[in-house]
Amino acid sequence: MTETGAPQTGARVLSGMQPSGDSLHLGNYVGALVNWVKTQQQYDAFFFIPDLHGITVPHDPAFLRERTRNTAAQFIAGGIDPERSTLFVQSHVPEHAQLAWVLTCITGLGEAQRMTQFKDKSAKEGTESASVGLLSYPMLMAADILLYQPHGVPVGDDQKQHVELTRNLAQRFNHRFGETFRVPEPFIPPVGARIYDLQDPTTKMSKSASSPNGLINLNDTDKQIAKKIKSAVTDDGTEIRFDRENKPGVSNLLSIYSAVTGKTVPELEAEYEGKMYGHLKVDLAEVVVAAIGPVRDRAAELLADPAELDALLAKGAAKAREVAAETLQTAYEKVGFLPAAAPTA
Ligand code: TRP
């Protein structure tokens, strides 16, 4: 590993992203997807859509199905190359649920109850009605990871605790039953590509935004994008300067600009010296449309041929299963399950 936790070239990485709405948003795109796309150039990359995690809270079946396909299309449209990387849907690889059970049995109840995401989400659901699935969410995530023996797991800050638990479970299993799993490193992208809500620039851009105008979706029309940026909250004063503390609105616009164009924030500050917020917004709308418009259009093309898309995902699942099945078999043997003999005629 290098200092940032980035594994050596050629090493394996794995990540998943749970789509919380009917489309990925700009925060998912610049915060994760763009990073994944870079990752696949250097690493043996596995990316998947965690639909099993999608039922840990109440959900609509038709919506889940549609959203799973949509997300796959957006991943590919955003640059995940299904030939180079292994791209698949979690429920297509039954080993995830199978290993999750084993890991659930070596996790302490208190340990699971202490996970921050569980505490937040169960508080939202009401602790009595929160599902046991929500409590087991991190063990399923650990299974997702450990099945593939990855060196690194590219995740955002919010998932770091889950990767930490994964490491603990891997070490615990190895210690109790013998060396089985590689202990993976969290691989937090170094770039501060954190995008905030356009209407409330002190909270992260997320589906649970209080106003739909706060987030830009990857399937928004050019017009919607421009409108949302135009109505973004700015700050007192007129100066275009990065200052998260005192100018969260303008700072967020600069971050987005920087993330989609690759220009640095100081470059942008110099470029916009003496100009007005309105200028910045008009230009920003243009560069955001230029960056995500083609992704939206490509995703729509892919979705127009769902059979072809499903075939790509089937290929990915088959590739994933080759690795997952081997790890599961080892784990099953180590834990003491009697191997099933081949049936005789
Ligand atoms: N929990 C992650 C999220 O909310 C998604 C996820 C599930 C994941 N399994 C994973 C991420 C394994 C990395 C590795 O986005």
Side-chain angles (χ1 to χ4, degrees), residues 5 7 11-21 23-25 27-33 35-36 39-40 43-57 59 64 67-68 71-72 74-75 78 80 85-93 95-100 103-104 112 115-122 124 133-170 181-189 193-195 204-208 316-317 320 323-324 327:
R12 180 172 292 158
V13 298
L14 168 132
S15 197
M17 200 188 323
Q18 210 185 323
S20 50
S23 169
L24 298 180
H25 56 69
N28 300 136
Y29 179 67
V30 301
L33 192 53
N35 179 52
W36 289 6
T39 301
Q40 71 180 350
Y43 304 112
D44 174 22
F46 284 67
F47 299 116
F48 71 99
I49 298 152
D51 57 344
L52 298 176
H53 282 105
I55 67 167
T56 55
V57 292
H59 77 288
L64 175 63
R67 185 174 90 178
T68 300
T71 308
Q74 291 184 329
F75 281 178
I80 298 298
S85 301
T86 304
L87 174 66
F88 63 99
V89 174
Q90 188 185 31
S91 65
H92 293 177
V93 182
E95 284 80 3
H96 290 243
Q98 292 175 290
L99 182 62
L103 297 176
T104 300
M115 301 303 286
T116 339
Q117 188 176 294
F118 170 72
K119 287 198 280 190
D120 291 350
K121 286 198 185 177
S122 61
K124 240 184 235 166
L134 193 61
L135 182 66
S136 324
Y137 182 117
M139 287 74 95
L140 177 58
M141 178 160 163
D144 298 339
I145 297 169
L146 298 178
L147 277 175
Y148 299 93
Q149 310 278 13
H151 300 79
V153 186
V155 285
D157 255 352
D158 61 322
Q159 295 299 317
K160 224 177 137 183
Q161 195 186 32
H162 287 157
V163 178
E164 212 39 61
L165 178 75
T166 302
R167 289 168 54 83
N168 290 339
L169 293 177
F181 300 118
R182 170 176 279 131
V183 181
E185 302 284 334
F187 177 11
I188 312 289
R194 183 172 267 221
I195 303 296
K204 235 175 100 173
M205 186 176 282
S206 102
K207 203 68 204 180
S208 40
V323 182
T327 311

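As the structure lists them, so they are numbered: ligands from 1, and atoms in each ligand from 1. Please read all numbers here as calculations on a predicted model, not as lab measurements.
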Original post:
Would you say Glu95's side chain and Ala324's backbone share a donor-acceptor pair under 3.5 angstrom?
Top reply: no
**OP:** Measure the distance from atom 5 (C) of ligand 1 to every protein heavy atom, then report the residue, atom name and distance (to 0.1 Å) of the closest one.
**Re:** Gly16 O, 3.7 Å
**OP:** For the pair Tyr148 and Phe46, name the ring-plane relationship: parallel under 30°, tilted 30 to 60°, perpendicular over 60°.
**Re:** tilted
Original post:
So which protein heavy atom does atom 9 (N) of ligand 1 come closest to, and at what separation?
Top reply: Asp144 OD2, 2.6 Å
Original post:
Should His162 be counted as touching ligand 1, given the test is an N or O pair under 3.5 Å?
Top reply: no
Original post:
Can you tell me if Arg194 uses its side chain to pair, donor with acceptor, with the backbone of Gly31 under 3.5 Å?
Top reply: no
**OP:** Please identify which atoms of ligand 1 are closer than 4.0 Å to at least one heavy atom of Ser15.
**Re:** 13 (C)
**OP:** Check whether any side-chain N or O of Arg12 sits under 3.5 Å from a backbone N or O of Pro150 as a donor-acceptor pair, and report yes or no.
**Re:** no
Original post:
How far is atom 15 (O) of ligand 1 from its nearest protein heavy atom, and which residue and atom is that?
Top reply: Gln18 N, 3.5 Å
**OP:** Would you kindly specify which portion of Gln90 sits under 4.0 Å from ligand 1, judged on non-hydrogen atoms: side chain, backbone, both or neither?
**Re:** neither
Original post:
Is it the side chain (CB and beyond), the backbone, both or neither of Val155 that lies under 4.0 Å from ligand 1, heavy atoms counted?
Top reply: side chain
**OP:** Please determine, by modelled atom types, if Gln90 and Asp144 share a side-chain donor-acceptor pair under 3.5 angstrom.
**Re:** yes
Subject >> For His53, the ligand 1 atoms whose distance to one of its heavy atoms is below 4.0 Å >> reply: 7 (C), 9 (N)
Original post:
Any side-chain donor paired with an acceptor under 3.5 Å for Asp51 and Ser91?
Top reply: yes
Subject >> Within-cut-off N or O pair, Tyr137 and ligand 1, under 3.5 Å >> reply: yes
Original post:
Can you check whether Gln117's main-chain N or O pairs, donor with acceptor, with Asp120's side chain at less than 3.5 Å?
Top reply: no
Subject >> Centroid-centroid distance, Tyr137 to His162, less than 6.0 Å >> reply: yes
Original post:
Looking at Ile145, which atoms of ligand 1 are within less than 4.0 Å of one of its heavy atoms?
Top reply: 12 (C), 14 (C)
**OP:** Measure Asp158 to ligand 1 on non-hydrogen atoms and call it side chain, backbone, both or neither using the 4.0 Å cut-off.
**Re:** neither
Original post:
Taking non-hydrogen atoms only, is Phe48 closer than 4.0 angstrom to ligand 1 via side chain, backbone, both or neither?
Top reply: side chain
